Amino acid sequence: MTRKILITGGAGFIGSHLARRLLSEGEEVTVMDNLFTGTKVNIYDLLDNPRFTFMLHDVTHPFWGQFDEIYNLACPASPIHYQRNPVETIKTSFMGMMNVLDLALKTKARVFHTSTSEIYGDPEVHPQPESYWGNVNTLGTRSCYDEGKRAAETLCADYLREYNVDVRMVRIFNTYGPSMHPQDGRVISNFVMQALHDKDITLYGDGSQTRSFQYVDDLIEAGMRLMRLDRAKLDRFFAGRGMTVPVVNVGNPDEYTIRQLADETLRQLPASKSQMVFQPLPKDDPRRRKPDITLAAELLGWSPKIPLREGLAQTIAYFRGLQ
Ligand code: NAD
Ligand code: UDP
């Protein structure tokens with residue numbers, strides 16, 4: 001039977017991939033977005049689909065609709081964009097989450113929330129398992145995002161415990177791929193755009209900080225599997241591990257320094273005349289990040305399939321096509 005699905009933030013990078021995947025499975029999809037970092041370009045090809053609806057709306061304002069599932073993605077995700085209007089960022093994370101959970105409570109919708117590896121802050125435990133509470137500065141310039149996402153997780157946990165809302169959370173680690181905005185500001189889109197246009201490759205700090213990069217299709221697959229799980233099975237799985245809230249890391253554990261990423265980008269674009277330049281490291285930039293995905297493997301029978309080399313090639317092809 002066709003499910004009615006709402007995706008908040010669905011005109012963004014991940015949301016547009018999710019919308020496409022859900023439509024391909026026969027679902028009816030409504031995308032709600034205020035186009036802060038997203039763009040209708042990402043969903044133009046979907047607008048004529050009779051099972052697709054676009055709603056221009058800010059998730060911080062209450063809304064109504066009868067949906068079977070709500071995927072909550074609304075929130076700028078790139079540091080330069082979430083720091084552009086920090087009050088709006090934390091408001092979007094918290095109030096947007098609350099509006100989603102209130103609607104789910106009234107309509108018995110299942111909720112999927114996109115949390116983030118940023119809730120671990122600059123981690124002192126490596127790799128990061130779900131049981132790690134994190135190391136986050138409450139007062140820094142990244143805090144609007146990190147603390148907003150932490151508060152959103154708390155809301156999910158409390159709506160589950162107090163009102164039994166069926167909520168499932170993923171903590172997403174650096175995800176990339178086609179449909180990222182060329183001016184998104186995150187490292188992969190920056191490096192690829194810079195290399196394609198013979199501009200300096202901007203390494204922040206000395207480039208020794210690490211990230212673990214996940215191709216978007218791997219994330220979507222894990223999310224689909226999580227949302228299709230029977231609630232009783234999900235509850236049993238987490239209860240068996242002493243956890244009351246279903247939250248799971250989703251990322252690719254292959255860890256790279258930012259310098260290695262720059263090298264790989266230039267290796268794949270040998271005609272580029274770009275040079276590497278070193279710029280100051282942004283405040284509170286995590287030194288390393290790598291997911292422990294044991295839980296996702298056990299719960300979902302999932303592991304990422306697309307290595308950086310291959311995903312980067314797809315992403316380069318996408319950005320090249322925009323020129
Ligand atoms: P994105 O910026 O491309 O997409 C976010 C979307 O949310 C955009 O379309 C934007 O316009 C919309 N939005 C922002 N504020 C809104 C508001 N108040 N009301 C309605 N819509 C609003 O980013 P993305 O990479 O696609 O991220 C999607 C979600 O996944 C975000 O919640 C992000 O925090 C989370 N996430 C992403 C990553 C990643 O590496 N891409 C990592 C961790 C978590
Ligand atoms: N970074 C960089 N050059 C850039 C953009 C980012 O060296 O042009 C670094 C950034 O300082 C961080 C890493 O790349 O250490 C990942 O940054 P991004 O903004 O993609 O995501 P984050 O994981 O910090 O949210």
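Order of listing sets the numbers, starting from 1, for every ligand and every atom in it. Note that the structure is a prediction, hence the values are computed from the model and not measured.
- Residue I80 belongs to no hydrophobic cluster, having no ILVMFWY side-chain heavy atom closer than 4.5 Å to its own.
- Atoms of ligand 2 lying under 4.0 Å from at least one heavy atom of N174, given by number and element, are 21 (O), 22 (P), 23 (O).
- Any N or O atom pair closer than 3.5 Å counts here, and R186 shares at least one such pair with ligand 1.
- Regarding atom 16 (C) of ligand 1, its nearest protein heavy-atom neighbour is N34 OD1, 3.2 Å.
- At a 4.0 Å heavy-atom cut-off, ligand 2 touches R186 through backbone and side chain alike.
- Ligand 2 lies nowhere less than 4.0 angstrom from a heavy atom belonging to S78.
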Next on the checklist: Working note: H81 + R84, criterion side chain to side chain donor-acceptor pair (under 3.5 Å); need CA distance, chi angles, decisive distance, verdict.
Outcome noted: CA-CA 5 Å; H81 292 300; R84 180 150 55 98; 3.1 Å; yes

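- Close approach to E118 involves these atoms of ligand 2, each under 4.0 Å from a residue heavy atom: 25 (O).
- Remark: ligand 1 atoms within the under-4.0 Å shell around heavy atoms of A74 are 7 (O), 20 (C), 21 (N), 22 (C).
- In this structure, atom 9 (O) of ligand 1 lies nearest to the protein heavy atom D33 OD2, 2.5 Å.
- Relative orientation of the H57 and F63 rings is perpendicular, given thresholds of 30° and 60° on the angle between their planes.
- Remark: ligand 2 atoms within the under-4.0 Å shell around heavy atoms of R142 are 22 (P), 24 (O), 25 (O).
- Between the side chains of Y256 and N174, no donor N or O sits under 3.5 Å from an acceptor N or O.
- Atom 30 (O) of ligand 1 has its nearest heavy-atom neighbour, among V31, T114, T37, in T114.
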